[in-house]
Protein chains: 2
Amino acid sequence: MDQLRETLKVHHLRTTTCREDVLSTFINRKNALSHGDLEGELGENYDRVTIYRTLKTFLEKGIIHKVLDDEGLRYALCSHSCSEEKHQHDHIHFKCSSCGETNCLENLHIPAVQLPEGYHPEHFNLLIQGVCPKCN
Amino acid sequence: MDQLRETLKVHHLRTTTCREDVLSTFINRKNALSHGDLEGELGENYDRVTIYRTLKTFLEKGIIHKVLDDEGLRYALCSHSCSEEKHQHDHIHFKCSSCGETNCLENLHIPAVQLPEGYHPEHFNLLIQGVCPKCN
DNA sequence: TCGGACTTGCAACGGGGTTGCAGAATATTT
DNA sequence: AAATATTCTGCAACCCCGTTGCAAGTCCGA
């Protein structure tokens, strides 16, 4: 519990029950979550708008990152210490077509790509869809 | 012009002016288009719903494919002959943070990735964000 | 050119996401 | 411990995305 407050403090955020609950939801469920997921879990306690704003704040502060998905945006915890200034991710995301879960494969880096002359890459986002070990 | 009708015919679609216009828009503008882009271009001639349905039909028939984007879905022409049965893409998408355009890099294939035991990959989607040659 | 099959437009709806504002909660200072 | 400044929350309202049902219109093959 103190862990949550500590994380918020590091990122210069006030500790509120909503932020603690959203953060702990990300920590407990390990997979990437959509706003809808969070609303399903916490919607009775907090307004939808508050959850949207909490996500936006966490994004800006480097606590979570976006996960692209063919059916909408999701969010997942940043593993290492991202911050407001530096928000770098190069790991792979895997979405299971059976259970629908999307997960970060933290250990797998996106392979380097040789782009044609003139392209200046900044961010990479690789989504692999298929069947995960659990559903195999 | 006959080219358009031909393409539609190959995919077993009736030729209608809306489908011809949507298809030729994709051919003229080379980049990936959102529904909003098409509505901006053709919205005075056709209902939004019709454009949505045209996109959906083109998707199913293998004329266009989805392009993931951090701010919404886009669509781009399938280069080779995709069909209703086989709809395979393994090229890279590049989104320019300056001009906002998203393009297929048809010649660049997504590098192979060695996934851990138990994962069965089916589809790959790599979006690279950065600055494109035009905006350089 | 006729008829069945497909396509379109309209109306309506649900969900996703944002903004403005007033009131509540938090952190800070004394 | 109380007062203050700052930040956060809830509510209402709004716009955009995408879908569905239905009636009218269009296409294409016989």
Side-chain angles (χ1 to χ4, degrees), chain A residues 1-2 4-25 32-61 63-75 84 100 102, chain B residues 1-2 4-25 32-61 63-75 84 100 102:
Chain A
M1 313 300 158
D2 248 12
L4 300 175
R5 290 165 161 269
E6 186 57 30
T7 302
L8 293 174
K9 197 166 189 178
V10 166
H11 293 278
H12 305 101
L13 293 174
R14 291 190 175 177
T15 68
T16 67
T17 57
C18 179
R19 285 173 179 171
E20 287 178 319
D21 284 354
V22 168
L23 188 49
S24 80
T25 303
L33 302 175
S34 66
H35 174 269
D37 294 332
L38 289 162
E39 199 180 344
E41 187 117 344
L42 306 171
E44 294 184 3
N45 305 320
Y46 309 105
D47 192 88
R48 337 168 10 247
V49 178
T50 303
I51 298 177
Y52 273 116
R53 285 197 266 232
T54 301
L55 287 172
K56 197 173 185 179
T57 304
F58 281 8
L59 251 189
E60 288 166 1
K61 296 296 181 176
I63 299 175
I64 59 178
H65 62 278
K66 282 187 185 179
V67 179
L68 298 190
D69 192 312
D70 62 333
E71 52 184 358
L73 219 40
R74 293 174 181 275
Y75 303 90
E84 200 158 358
T102 303
Chain B
M1 313 305 154
D2 248 9
L4 300 175
R5 291 166 161 270
E6 187 57 30
T7 302
L8 293 174
K9 198 166 189 178
V10 166
H11 292 278
H12 306 100
L13 291 174
R14 291 191 174 176
T15 68
T16 67
T17 57
C18 179
R19 287 173 178 171
E20 288 179 318
D21 284 353
V22 168
L23 187 49
S24 80
T25 304
L33 302 175
S34 66
H35 173 269
D37 295 331
L38 289 162
E39 199 180 343
E41 187 117 344
L42 306 171
E44 294 184 2
N45 305 320
Y46 309 105
D47 192 88
R48 337 168 10 248
V49 178
T50 303
I51 298 177
Y52 273 115
R53 285 198 267 231
T54 302
L55 287 172
K56 197 173 184 179
T57 305
F58 281 9
L59 252 189
E60 289 166 1
K61 297 294 182 178
I63 298 175
I64 58 178
H65 63 278
K66 281 187 184 178
V67 179
L68 297 191
D69 191 314
D70 62 334
E71 51 184 0
L73 219 40
R74 291 175 181 276
Y75 304 89
E84 201 158 357
T102 303

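Residue numbering restarts at 1 for every chain, and letters A, B, ... go by the order of the sequence lines. Source: prediction; values computed, not measured.
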Does D/dT9 have OP1 or OP2 sitting under 4.0 Å from an N or O in the side chain of A/Thr16? yes
Select base, sugar-phosphate, or nothing to describe what A/Arg19 touches, counting heavy atoms under 4.0 Å on all strands. sugar-phosphate
Using whole Å, what does the distance between atom C1' of nucleotide D/dC27 and atom NE2 of B/His12 come to? 16 Å
Check whether A/Arg5 reaches the backbone of A/Thr15 with its side chain - one donor and one acceptor, N or O, closer than 3.5 Å. no
Rounded to whole Å, NE2 of A/His11 lies from P of C/dA27 at a distance of 16 Å
A/Asp37 atom CG is separated from C/dG16 atom C1', nearest whole Å, by 13 Å
Heavy-atom closest contact (A/Leu42 atom, A/Thr25 atom, distance): CD1-OG1, 3.9 Å
Taking for each residue the nucleotide of DNA chain C with the nearest heavy atom, is it A/Tyr52 or B/Ile51 whose nucleotide lies nearer the 5' end? B/Ile51
Nearest of D/dC8, D/dG18, C/dG9 to any side-chain atom of B/Asp47? C/dG9
B/Lys9 NZ - C/dC6 C1' separation (whole Å): 16 Å
Write down the distance between OH (B/Tyr46) and C1' (C/dC10), rounded to a whole number of angstrom. 17 Å
Closest nucleotide of DNA chain D for A/Cys18 versus for B/Gly72: which of these residues is on the 5' side? A/Cys18
If I take atom CG in residue B/Leu73 and atom P in nucleotide C/dG16, what distance separates them, rounded to the nearest angstrom? 15 Å
On the side chain of B/Arg53, is there an atom forming a donor-acceptor pair with the base of C/dG9 - under 3.5 Å, no angle test? yes
Side chain of A/Arg48, heavy atoms from C-beta onward: which of C/dG16, D/dC17, C/dT8 has the nearest atom to it? C/dG16
C/dG9, D/dG18, C/dT19: which one has an atom nearest the side-chain heavy atoms of A/Val49? C/dT19
What contact category does B/Thr15 fall into here, base, sugar-phosphate, or nothing, at under 4.0 angstrom with non-hydrogen atoms? sugar-phosphate
Taking the side chain of B/Arg14 as its heavy atoms from C-beta onward, which of C/dT18, C/dA27, C/dC6 lies nearest to it? C/dC6
CG (B/Leu8) and CZ (B/Arg19) are apart, to the nearest 0.5 Å, by 7.0 Å
Step by step, work out the side-chain contact (heavy atoms from CB on, under 4.5 Å) result for B/His65 and B/Tyr75. CA-CA 6 Å; B/His65 63 278; B/Tyr75 304 89; over 6 Å; no
Rounded to the nearest Å, what distance is computed from the NZ atom of residue B/Lys56 to the P atom of nucleotide D/dT20? 5 Å
A/Leu13 CG to C/dA25 C1': how many Å, rounded? 15 Å
Backbone N/O of B/Ser34 and side chain of B/Asp37: donor-acceptor pair under 3.5 Å: yes
